[in-house]
Q: 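Right, I'll just put the structure down here and ask away after.
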Amino acid sequence: MLEIQQLRKEMPQVVEGLLRREYTFDEATFSELEAERKSLQVRTEELQATRNAASKQIGILKSQGQDTSGVMAEVAGVGDALKANEVALSALQDRLNSFLRQIPNIPRADVPAGKSADENIEVRRWGAVRSFDFAPKDHTDIGEVLKGIDFETATKLSGARFSVLRGQVARLHRAIAQFMLDTHTEQHGYTEVYVPYMVGPESADGVSSLAKFKDDLFKIEGRDLYLIPTAEYPVTNFVRDTIVDAKELPLKFACHSPCFRSEAGSYGKDTRGMIRQHQFDKVELVQIITPEKSTEAHEELTTHAEAILQKLELPYRKMLLCTGDMGFASAKTYDLEVWLPAQNAYREISSCSNFEAFQARRMMARFKNGAGKTELLHTVNGSGLAVGRTLVAILENYQDGDGSVSIPTALQPYMGGLSKIGAV
RNA sequence: GGAGAGGUGGCAGAGUGGUCGAAUGCACCGGACUCGAAAUCCGGCAUACCGGUCUCCGGUAUCGUGGGUUCGAAUCCCACCCUCUCCGCCA
């Protein structure tokens, strides 16, 4: 959510900033709502003040045993007018609020303008892409040879976009998550957290726009709960409606959780394999910090995600997303894309964003600054990394042609010392 | 699932129709005392929003949430949510 003060005072800059991400700000509706809000609010508060003064007067008179009928007659008409104004004001504030909550964040000045992922900018590449002396299989075929990925059973259980993992592949999947969590907690200073996998609407609307994106979420039948599409939802909401002591900052959390996404609108995309699933695991990194630290924290958090790829020796590139490819709440996003030999392409494996105060304003997440004033926090988060896609990347990049797959050195301790898993 | 208790400021806790945004204590921040600290004393100390002649003044709202009664609600009524205790069931 944008700051309403900013809209009142710096409208041209806001309009221009949003236009860079192809969002046309509806100035006419805004000024209309604002004008109406102002007159209603002023009128309502005047009536309330009148009523309060009269009521106080009645209280004083009664305590002195004096007659109150005069004052009573004076306020007699106030009640109905006040009620009408209050109802109208609250309806209008609801409208204004939902209007504001569906406006996306303003991209930072250093975010390139662009319409789609094609216009993202490559910041750098890391790692040498391996050349194979055989035709590399994709992870689906490798999984089949290893008898480790079973889409058929998953489909029987739950339909499309689910997977069943077995044996050493299932173990590898677990090892990857453990390795990531350990790295972030032991080397990057994050606190491990375990969280609910369902959240209420306030939490969902705190980090994104529930009104806009509820179709992407799975809702629990008969309950006002949503399955989380990322641990960002519960973890960021730790600070919703709270004022954090500046001494406790920065808050750095690492969370391994499953993620559930309906993938509405992605029909026909990545239908083969486990690239795009309704359920996948992810280790999420979240930092909650003061405004002046968020730029630095965002860069730092991205390197924490990169560190995982480097330790696993997986080639990747770091992309600066253009305005058109950024998420609703983000002011600036880096994507990390891992090399997948079977696709002969880099594919997203992490997304690291700086939301500045956008989520904090939605959540009323604040801190007391040095001067003792409350100020909105900044939030930064990123995947460190998507576990399922990391599994895919390892299977494909570490395949050995005979159907076996080598285990990256960093993961071997998590695999009971195994250096290779072979065909069953 | 059954029975009961309760939700008040950062925390503890008083307040059961009127000058209550709310006593008191703790915590916290200033100041005094002190060589310094502790103790003590003095003062300050919620949040959000609105208006204006906008480093200041004025106003409004908020005592779990939403409605109701009333000139006036933390206080009375209704509904809902949540927490705790006991019993039952259960991984």
Side-chain angles (χ1 to χ4, degrees), chain A residues 1-10 30-101 194-206 210 219-220 222-226 234 237-249 251 288 357-377:
Chain A
M1 186 161 58
L2 303 179
E3 189 189 1
I4 192 153
Q5 306 293 353
Q6 194 187 3
L7 290 174
R8 290 178 190 143
K9 291 182 200 144
E10 302 165 19
F30 176 71
S31 12
E32 204 177 298
L33 289 172
E34 251 299 276
E36 209 180 325
R37 187 230 93 223
K38 186 163 172 173
S39 78
L40 267 176
Q41 182 162 356
V42 168
R43 182 71 191 131
T44 304
E45 292 187 357
E46 274 170 8
L47 288 169
Q48 286 171 329
T50 304
R51 181 206 56 196
N52 290 349
S55 297
K56 197 167 202 170
Q57 190 58 30
I58 291 168
I60 293 167
L61 289 174
K62 283 218 167 165
S63 72
Q64 296 168 345
Q66 296 187 42
D67 175 55
T68 59
S69 56
V71 193
M72 295 279 249
E74 264 174 58
V75 278
V78 174
D80 288 344
L82 180 56
K83 190 90 218 162
N85 272 275
E86 280 176 343
V87 168
L89 177 62
S90 125
L92 194 94
Q93 272 167 340
D94 285 350
R95 275 173 66 200
L96 189 57
N97 207 26
S98 22
F99 175 83
L100 291 174
R101 289 185 90 86
Y194 169 84
V195 298
Y197 300 151
M198 302 174 204
V199 296
E202 301 84 1
S203 294
D205 205 59
L210 186 58
K219 186 168 192 298
I220 305 299
R223 298 289 301 267
D224 214 0
L225 287 172
Y226 298 85
N237 275 281
F238 283 6
V239 292
R240 175 158 51 86
D241 294 323
T242 59
I243 299 175
V244 182
D245 194 325
K247 280 174 244 164
E248 291 172 42
L249 300 172
L251 295 172
I288 292 158
F358 190 85
Q359 295 181 325
R361 195 170 295 112
R362 295 177 153 256
M363 294 189 298
M364 287 297 276
R366 295 154 296 167
F367 73 103
K368 277 230 190 291
N369 67 19
K373 296 272 282 177
T374 56
E375 207 180 325
L376 288 166
L377 287 158

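Per chain, numbering begins at 1; letters A, B, ... match sequence-line order.
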Q: Please work out if Thr374(A) contacts a base, only the sugar-phosphate, or nothing of the nucleic acid, heavy-atom cut-off 4.0 Å.
A: sugar-phosphate

Q: Side chains of Asn85(A) and Leu47(A): closer than 4.5 Å at any heavy-atom pair?
A: yes

Q: Quickly, which of Glu36(A), Glu46(A), Gln93(A) forms a side chain to side chain contact (heavy atoms under 4.5 Å, CB included) with Gln41(A)? Name it, please.
A: Gln93(A)

Q: Would you indicate, yes or no, if G72(B) has its OP1 or OP2 atom less than 4.0 angstrom from a side-chain nitrogen or oxygen of Gln48(A)?
A: no

Q: Which base sits across from G43(B) as a Watson-Crick or G-U pair, both distances under 3.5 Å?
A: C29(B)

Q: Arg8(A) near the nucleic acid: base, sugar-phosphate alone, or nothing, with a heavy-atom cut-off under 4.0 Å?
A: sugar-phosphate

Q: Using side-chain heavy atoms (C-beta onward) and a distance below 4.5 Å, is Phe367(A) in contact with Asp245(A)?
A: no

Q: With a 3.5 angstrom cut-off on both distances, give the Watson-Crick or G-U wobble partner of U75(B), or none if there isn't one.
A: none

Q: Just so I know, are the side chains of Val239(A) and Arg366(A) near enough to count as touching, which here means a heavy-atom distance under 4.5 Å?
A: no

Q: By a strict heavy-atom criterion of less than 4.0 Å, which residues belonging to residues 357-366 of chain A are in contact with RNA chain B?
A: Met364(A), Arg366(A)

Q: May I ask which nucleotide in the shown strands pairs with U60(B), Watson-Crick or G-U wobble, both distances under 3.5 Å?
A: A48(B)

Q: Is Arg37(A) close enough to G51(B) that one of its side-chain N or O atoms is under 4.0 Å from OP1 or OP2 there?
A: yes

Q: Quick one: label Ala49(A) by what it contacts on the DNA or RNA (base, sugar-phosphate, nothing), any heavy atom closer than 4.0 Å.
A: sugar-phosphate

Q: Need the pair for A5(B). Rule: Watson-Crick or G-U wobble, both distances under 3.5 Å, any strand; none if unpaired.
A: U83(B)

Q: Taking only the C1' atom of each, what is the distance from A23(B) to C45(B) in whole angstrom?
A: 16 Å

Q: Nearest heavy-atom pair of Lys368(A) and Ala246(A): which atoms, and what distance?
A: O-CB, 3.2 Å

Q: With the side chain of Ile60(A) defined as its heavy atoms from C-beta on, choose the nearest nucleotide among G18(B), U19(B), C50(B).
A: U19(B)

Q: Check whether any side-chain N or O of Arg51(A) sits under 4.0 Å from OP1 or OP2 of G59(B), and answer yes or no.
A: no

Q: What distance, rounded to whole Å, do you find between the two P atoms, one in C57(B) and one in G44(B)?
A: 16 Å

Q: Should Lys368(A) be listed as having a side-chain N or O under 4.0 Å from OP1 or OP2 of U47(B)?
A: yes

Q: For Asn52(A), answer base if it contacts any base atom (sugar-phosphate contacts may also be present), sugar-phosphate if it contacts only those atoms, and nothing otherwise; contact means non-hydrogen atoms under 4.0 Å.
A: sugar-phosphate

Q: Determine which nucleotide pairs with C90(B), using a 3.5 Å limit on both distances of a Watson-Crick or G-U wobble pair.
A: none

Q: Please check if any side-chain donor atom of Glu3(A) sits under 3.5 Å from a side-chain acceptor atom of Gln5(A), or the reverse.
A: no

Q: If we call it a pair only when both distances are under 3.5 Å in a Watson-Crick or G-U wobble match, what pairs with U24(B)?
A: A12(B)

Q: Of the nucleotides U47(B), U19(B), C50(B), which one has an atom closest to the side chain of Gln41(A)?
A: C50(B)

Q: How is Glu202(A) classified with respect to the nucleic acid when contacts are heavy atoms under 4.0 Å: base, sugar-phosphate, or nothing?
A: nothing

Q: Could you measure the distance from the CZ atom of Arg240(A) to the CD atom of Gln359(A)? Nearest 0.5 Å is fine.
A: 12.5 Å

Q: Would you say that Met1(A) contacts Asn97(A) through its side chain, given a criterion of any heavy-atom pair below 4.5 Å between the two side chains?
A: yes

Q: Within the structure, does a side-chain N or O atom of Lys9(A) lie under 4.0 Å from either OP1 or OP2 of C54(B)?
A: no

Q: Could you tell me which nucleotide pairs with U34(B) by Watson-Crick or G-U wobble geometry, both distances under 3.5 Å, or answer none if nothing does?
A: none

Q: Examine the base of G18(B) for any acceptor or donor lying under 3.5 Å from a partner atom in the side chain of Lys62(A), and report the outcome as yes or no.
A: yes

Q: Between Leu251(A) and Phe238(A), is there a side-chain heavy-atom distance shorter than 4.5 Å?
A: no

Q: Using OP1 and OP2 only, check whether a side-chain N or O of Lys38(A) sits under 4.0 Å from G52(B).
A: yes

Q: Taking only the P atom of each, what is the distance from U60(B) to A22(B) in whole angstrom?
A: 13 Å

